[in-house]
2 protein chains.
Amino acid sequence: MPKPVVPEEKRRRRRPTRSGTVLSEALIVETALRMLREHGSTGLTARRLGLALDADPSTLYRYFRGMDDLTLAIGDALIGQALEGWAPAGEWRRDLREVGLRIHAAYVAHPQAAVLTTSRVTGRANELAADEAVLDILRTAGLPLPDTVRVYHAFIDQTLAFAALDAASLALPSAALRADENQWRSTYAHLPDDRYPRIAEAAPLLAPRMVTSAYPTALDMFLDSVEKQLRADLSSQAP
Amino acid sequence: MPKPVVPEEKRRRRRPTRSGTVLSEALIVETALRMLREHGSTGLTARRLGLALDADPSTLYRYFRGMDDLTLAIGDALIGQALEGWAPAGEWRRDLREVGLRIHAAYVAHPQAAVLTTSRVTGRANELAADEAVLDILRTAGLPLPDTVRVYHAFIDQTLAFAALDAASLALPSAALRADENQWRSTYAHLPDDRYPRIAEAAPLLAPRMVTSAYPTALDMFLDSVEKQLRADLSSQAP
DNA sequence: ACCTTATGCCAACGCCATTGACCTTATGCG
DNA sequence: CGCATAAGGTCAATGGCGTTGGCATAAGGT
């Protein structure tokens, strides 16, 4: 057993590093998030993180089993941040909409981190809490279990899928290459209109649109569908 | 200029490697796809690829500017595979559905490769052809340009987003850890029902569902919306 | 005031991508 | 038909990466 990795709540001795900073799981994750924002999604390395924390890189292995484990912790922190201070209002549609937008926003707010962690099932506390919340909203609204399961699946997948896509496009242009919309324009607008007539005619309209997210629209369409389903279920169940 | 990288169509001398194999961009991409399938999405390295091709790793830099450039080529190959042999039938709904399903299927068929390349704008030939095709379907159906642009955006994003998500979950369980559905069950089914009652009650139903894709359903919902839009546009335009 | 052991540090290993210099051979031209 | 040229394969080296085992030290229960 080369790597015990004491769980956070069991930690007793907080020996400061050579330079005086006292480490903790939360501090490491925070620092990692900052490094991701500053150096891009490939800029998080054990060595750099150690440098930023004034600690030896190997120290990280006292807190996480490896960089992958740290990645999962970062993902869970994003979900936690998304639902921080949120409580269900009791109206299923409003609640579900809020959860979706919050999760999407949290990922998009940390695009470089999101790229690493979206589409990872962390199985950690905050993720479980979010799943429990969504399921509870639907069940409390009166949706039967089988429908709840189906709707939950679609909701989570759609939210995460758009979050991942939007985050990726925000995180992509690694350095100065971005110029966001300009980057897109420079790729597509200068194409020969004889070979790509449709792209050529659409390019001017496409450029500004491609930098916005389609998620809110998709979410509202999704909620309409849930509402229809819910009405059908309730009327057949108690006519 | 340290790296000229002769474009594929300009290549004249095809000097075989030490062991006799003759390299080409296509051969390299094919081999890379095979390696990705066999070794997982992180298993594609210049060294291993060189080994598999019986060539020095540095040889790759005669064909691609770097591993990132190779990645883009792999992505474009996937799109090319998706639309290989496809031609529009002239019915917009059927055509659009086919394009969406084909792209989604191509990515999901190479999950490890898809993880690397989804949400990358390659700007290469096959990708441009796909964009042109989608735009042409919508314009030919009679959709005005602004609506076409909006619908195109949503269509591409939704397709890629689901493709990325589904591919990621397929590529995830790096080795034997997968056991697909069992993996999911083992994470969620053994939770305390007092803290997570909704997850606990849903787990048995959730497990089988989470391993399927929600994309086809979402696509058909999307097409319904396009149809409605199209009808509105056509009637207002020629009453 | 000890003793244990958690926790930080060090040095080393084996990967990785990338590069510049070198060599060799396929090809186009005379 | 043969030669010059440069395309393209190879070599060796660089600097970064994650990760590990051994070691030192100080925190905390007793």
Side-chain angles (χ1 to χ4, degrees), chain A residues 1-28 31-32 35-36 39-74 116 174, chain B residues 1-28 31-32 35-36 39-74 116 174:
Chain A
M1 197 198 299
K3 296 284 130 73
V5 182
V6 180
E8 185 72 3
E9 66 273 14
K10 286 270 181 183
R11 287 188 180 273
R12 321 208 146 248
R13 318 194 176 183
R14 316 230 71 133
R15 177 176 170 187
T17 80
R18 164 178 313 268
S19 68
T21 46
V22 175
L23 298 180
S24 70
E25 204 172 297
L27 176 63
I28 294 175
T31 309
M35 293 194 46
L36 280 169
H39 298 93
S41 40
T42 63
L44 176 65
T45 74
R47 292 173 134 81
R48 270 211 274 240
L49 186 51
L51 203 67
L53 289 164
D54 262 323
D56 191 90
S58 65
T59 307
L60 300 172
Y61 291 79
R62 300 282 184 204
Y63 291 83
F64 303 97
R65 280 190 301 279
M67 291 305 279
D68 189 73
D69 196 28
L70 170 59
T71 297
L72 294 182
I74 292 172
L116 295 185
S174 41
Chain B
M1 195 199 299
K3 295 284 132 69
V5 181
V6 180
E8 184 72 3
E9 65 274 16
K10 286 269 180 182
R11 286 185 181 274
R12 324 210 143 246
R13 321 196 174 181
R14 315 231 72 134
R15 177 178 168 187
T17 81
R18 164 180 312 271
S19 68
T21 46
V22 175
L23 298 182
S24 71
E25 210 173 277
L27 176 63
I28 294 175
T31 309
M35 292 194 47
L36 280 168
H39 297 92
S41 39
T42 62
L44 176 65
T45 74
R47 293 172 131 79
R48 272 213 274 242
L49 186 50
L51 203 67
L53 289 163
D54 261 323
D56 191 90
S58 64
T59 308
L60 301 172
Y61 291 79
R62 301 279 185 203
Y63 291 83
F64 302 98
R65 280 191 299 279
M67 292 305 279
D68 188 73
D69 196 28
L70 171 59
T71 297
L72 293 183
I74 291 172
L116 295 185
S174 43

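Order of the sequence lines sets the chain letters (A, B, ...), proteins ahead of strands, with each chain counted from 1.
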Could you state the atom-to-atom distance from [atom1] of [X] to [atom2] of [N] in whole Å?
X: A/His39; N: D/dG16; atom1: NE2; atom2: C1'; value: 14 Å
X: B/Asp56; N: D/dA7; atom1: CG; atom2: P; value: 19 Å
X: B/Ile28; N: D/dG9; atom1: CD1; atom2: C1'; value: 12 Å
X: A/Leu60; N: D/dT19; atom1: CG; atom2: P; value: 10 Å
X: A/Met67; N: C/dC16; atom1: CE; atom2: P; value: 18 Å
X: A/Arg65; N: D/dT19; atom1: CZ; atom2: P; value: 12 Å
X: B/Tyr63; N: D/dG8; atom1: OH; atom2: P; value: 6 Å
X: A/Arg48; N: D/dT19; atom1: CZ; atom2: C1'; value: 18 Å

Who does D/dG22 pair with, Watson-Crick or G-U, both distances under 3.5 Å?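 Check on D/dG22: paired to C/dC9, both distances under 3.5 Å.
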
Closest nucleotide of DNA chain C for A/Thr59 versus for A/Arg47: which of these residues is on the 5' side?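 Between the two, 5'-proximity favours A/Thr59.
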
Mapping A/Ser58 and B/Gly66 to their closest nucleotides on DNA chain C, which lands nearer the 5' end?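 Going by which nucleotide is closer to the 5' end, it is A/Ser58.
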
Assess whether side-chain contact (heavy atoms from CB on, under 4.5 Å) is satisfied between A/Leu60 and A/Ile28, documenting all intermediate values. CA-CA 8 Å; A/Leu60 300 172; A/Ile28 294 175; 4.0 Å; yes

With B/Thr45 via side chain to side chain contact (heavy atoms under 4.5 Å, CB included) - residues at least two apart: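 With sequence neighbours excluded, B/Thr45 shows a side chain to side chain contact (heavy atoms under 4.5 Å, CB included) to B/Arg47, B/Arg48, given in chain and number order.
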
Verify side-chain contact (heavy atoms from CB on, under 4.5 Å) between A/Leu53 and A/Thr59, making sure each step is shown before the conclusion. CA-CA 10 Å; A/Leu53 289 164; A/Thr59 307; over 6 Å; no

Measuring to OP1 and OP2 of D/dG21, would you say a side-chain N or O of A/Tyr61 lies under 4.0 angstrom away?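 False: A/Tyr61 side-chain N/O out of range (4.0 Å or more) of D/dG21 OP1/OP2.
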
Show, in sequence, the C-alpha distance, side-chain angles and deciding distance for A/Leu116 and A/Ile74, and conclude whether the side-chain contact (heavy atoms from CB on, under 4.5 Å) test is met. CA-CA 9 Å; A/Leu116 295 185; A/Ile74 292 172; 5.5 Å; no

B/Thr45 near the nucleic acid: base, sugar-phosphate alone, or nothing, with a heavy-atom cut-off under 4.0 Å?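 If one applies the 4.0 Å heavy-atom cut-off, B/Thr45 turns out to touch the sugar-phosphate alone, with no base involved.
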
